[in-house]
Amino acid sequence: MSESITYEQVGEILGLAAARDQRTVGDGDVMAWYDDLNTAAVSYADARGALAAFYVEQANVRPEHRFRITTPDVIRLARQIRRERVRNFVYEPADPDEPWQQFQNRMRAQLRAIGDGRVPPPQKVPALEGGPAPNVAAELRGLLREVPDDEDGDGEPKPRVGAMTVTCPREDCKARVGRHCKRPSGKPRTEPHPARIALAQGKAYDPDAERAEMDRRRAASAALLDADRAAS
């Protein structure tokens, strides 16, 4: 493995740190920083960038709480610098049908080149392009419908208000705002009462129509039950 940073460069980094925090630098400091930065594969350029970033951070710290930079600080900030360079990375394949091993090697090489600063980092956030697959679009056409901006034709769009934003007007329910409507047994209903929906939408409520709908549902359920019994 090649050296990421030399003794001379480590000495320069420590000299720049000493110029900022007035530390004393000796041979032991250089040897320790050399070992740590090379083990973490921190380059000279990234070490200098990390050093500058550290002292910018310290500008936001009260003087009595400031401290001198150490190698863990340099390594942490150098890794942040690398992550920022590759944040908008998009892999560029050589061949759409390239084998997995080639894809893996090329992607790592591209990431390494951008992370090292040898290649300029991407400037734009990648965006998803294209519409849904044809079969998905066909399915959606059967499920979705257009909602006009002006349903009543008076030139102003009507706000859509959820039923749970009003209190249910039924005397046997009276579910409060944000609460589910209740069944006669006291258990919550899956859907709000029609009277509550009508109230939320500002429409007139027809109790006879609701009763007719309930009778229709009961009749349909009874017919289905009878059919099941006959089949068994």
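Here the structure is a predicted model, which is why all the values come from computation and not from measurement.
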Salt-bridge criterion met for Arg189 and Glu191 (N-O under 4.0 Å)
no
Kindly write out the residues that satisfy side-chain hydrogen bond (donor to acceptor under 3.5 Å, both in side chains) with Thr70, not counting sequence neighbours, or none if the list is empty.
Asp73
Enumerate the salt bridge (charged side-chain N to carboxylate O under 4.0 Å, His left out) contacts for residues 7-29, please, sequence neighbours excluded, ordered by first and then second residue.
Asp21-Arg23
Mark yes or no for whether Gln9, through its side chain, and Thr6, through its backbone, hold a donor-acceptor pair below 3.5 Å.
yes
Minimum-distance pair of heavy atoms, taken over all atoms of Arg196 and Val177
NH2-CA, 4.1 Å
Would a 4.5 Å heavy-atom cut-off, applied to side chains only, mark Ile81 and Glu84 as touching?
no
Return the set of residues passing side-chain hydrogen bond (donor to acceptor under 3.5 Å, both in side chains) with Asn60 (not counting sequence neighbours), or none when no residue passes.
none
Identify, with sequence neighbours excluded, every residue that meets side-chain hydrogen bond (donor to acceptor under 3.5 Å, both in side chains) alongside Gln22.
none
Here the gap from Asp46 atom CG to Gln80 atom CD, rounded to the nearest 0.5 Å, amounts to 12.0 Å
Residue pairs passing the side-chain hydrogen bond (donor to acceptor under 3.5 Å, both in side chains) test with at least one member in residues 171-181, sequence neighbours excluded, are Arg170-Asp172
In one Ile/Leu/Val/Met/Phe/Trp/Tyr side-chain cluster, 4.5 Å: Ile75, Val56
no
ILVMFWY network linking Leu51 to Val61, side-chain heavy atoms under 4.5 angstrom:
no
Should the ring pair Tyr7 and Tyr34 be called parallel, tilted or perpendicular, given that the plane angle runs from 0 to 90° and is split at 30 and 60?
parallel
Looking at residues at least two apart in the chain, or sitting in another chain, which of them share a ring pair (Phe, Tyr, Trp, His ring centres under 6.0 Å) with Tyr44?
none
Can you tell if the side chain of Phe54 reaches within under 4.5 Å of the side chain of Val74, non-hydrogen atoms only?
no
Spacing of Ile197 atom CD1 and Cys181 atom SG [to the nearest 0.5 Å]:
8.0 Å
Taking atom OG1 of Thr167 and atom CG of Leu199, what is their separation to the nearest 0.5 Å?
8.5 Å
Please name the pair of heavy atoms, one in Ile69 and one in Ala50, separated by the smallest distance, quoted to 0.1 Å.
CD1-O, 4.5 Å
Residue pair Pro188 / Lys182, side-chain heavy-atom distance below 4.5 Å
no
About how many Å separate SG of Cys173 and NE2 of His193, when rounded to the nearest 0.5 Å?
5.0 Å
Within the side chain of Asp36, is there an N or O that forms a donor-acceptor pair under 3.5 Å with the backbone of Pro72?
no
Evaluate salt bridge (Lys or Arg N to Asp or Glu O under 4.0 Å) for Arg76 paired with Glu57, printing each intermediate quantity in order.
CA-CA 13 Å; Arg76 171 179 61 85; Glu57 284 183 350; 3.5 Å; yes
